[in-house]
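Computed from heavy atoms alone, side chains included, the values below leave out hydrogens, waters and symmetry copies. Everything quoted here is computed from the prediction, not taken from an experiment. Atoms within a ligand are numbered from 1 in the order they appear, just like the ligands themselves.
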Amino acid sequence: VEVVNAEFVKSSVKTEDCPSDGAPEFALVGRSNVGKSSLLNSLVRRKKLALTSKKPGKTQCINHFRINESWYLVDLPGYGYAAAPHEVRTDWAKFTKDYFINRPTLVSVFLLIDASIPAKKIDLEYASWLGQNQIPMTLVFTKCDKRKKKKNGGKRPEENVQDFQELIRDFFETAPPWIMTSSVTNQGRDEILLHMSQLRNY
Ligand code: GDP
């Protein structure tokens, strides 16, 4: 399940513009600053594969990366960027939701959640939307290496992970698979790649 080859293929502004070769794909999505670029780079063991603009909310693109010449990792723009104008946020929601619903080759959405902080409303809304629309989802908890307790009642990553799953339970018939990760220690990296390979072979 190692990544031997990773190449940027294209940025699409609409679902219809995405690659049409029928190869299976996994989308990475999450709040701005959740650690999505770091995780993507850690998955492919490269410093700068994630070409997505670092101006969150500015790039409204679906970015396809071909892995091992047989499947795709898809980088979606981060949501919840406070400084983004309202219409940008609305567009973002429309365009990603269209992609989730109308992309048959999408095997699973990997929803990134920051495990170093308590659950955020926008993440819960996002997860529940995916659940209610029965979009296959895998929860990827990021920054699990951040173990220092914050003074203001901060919890350990394990506790935040538990809390988050508890809060979204009602929106899913069966609890979504979940993986704890860190791009600093590479925790969870092999688990994600293994999980993706298992999902492709169903
Ligand atoms: P993105 O906006 O979701 O693409 O997030 P980035 O990958 O750019 O990361 C946002 C910030 O979180 C950066 O300062 C990273 O160094 C930091 N970060 C990302 N992943 C981790 C992680 O696993 N552990 C820790 N401690 N920090 C991380």
Next on the checklist: Can you confirm, on distance only, whether ligand 1 has an N/O atom lying under 3.5 Å from any N/O atom belonging to Cys144?
Outcome noted: no
Item to check | With sequence neighbours excluded, residues passing side chain to side chain donor-acceptor pair (under 3.5 Å) with Arg31 | outcome: Asp123
Checklist entry - Transitively linked via ILVMFWY side-chain contacts under 4.5 Å: Val13 with Tyr79? => result no
Next on the checklist: One residue to check: Lys143. Relative to ligand 1, which of side chain, backbone, both or neither has a non-hydrogen atom less than 4.0 Å away?
Outcome noted: both
Checklist entry - Considering only heavy atoms of Val184, which atoms of ligand 1 have at least one such atom less than 4.0 Å away? => result 22 (C), 23 (O), 24 (N), 25 (C), 26 (N)
Enumerate donor-acceptor pairs with a distance under 3.5 Å from any side-chain N or O in residues 170-178 to protein atoms, sequence neighbours excluded.
none

Next on the checklist: I need the atoms of ligand 1 closer than 4.0 Å to a non-hydrogen atom of Asp145, numbered in the order shown.
Outcome noted: 22 (C), 23 (O), 24 (N), 25 (C), 26 (N)
Checklist entry - Ion pair present between Asp114 and Lys36, side-chain N to carboxylate O less than 4.0 angstrom? => result no
Checklist entry - Do any nitrogen or oxygen atoms of Asn33 come within less than 3.5 Å of a nitrogen or oxygen of ligand 1? => result yes
Item to check | Ser38: numbered ligand 1 atoms lying under 4.0 Å from its heavy atoms | outcome: 6 (P), 7 (O), 9 (O), 19 (C), 20 (N)
Item to check | Residue part near ligand 1, for Thr142, under 4.0 Å between non-hydrogen atoms | outcome: neither
Checklist entry - Does ligand 1 have an atom under 4.0 Å from some heavy atom of Ser182? => result yes
Next on the checklist: Would you say the rings of Tyr72 and Phe26 are close, in the sense that their centroids are separated by under 6.0 Å?
Outcome noted: no
Next on the checklist: Can you give me the closest heavy-atom contact between Thr181 and Gly188, atom names plus distance?
Outcome noted: CG2-CA, 4.2 Å
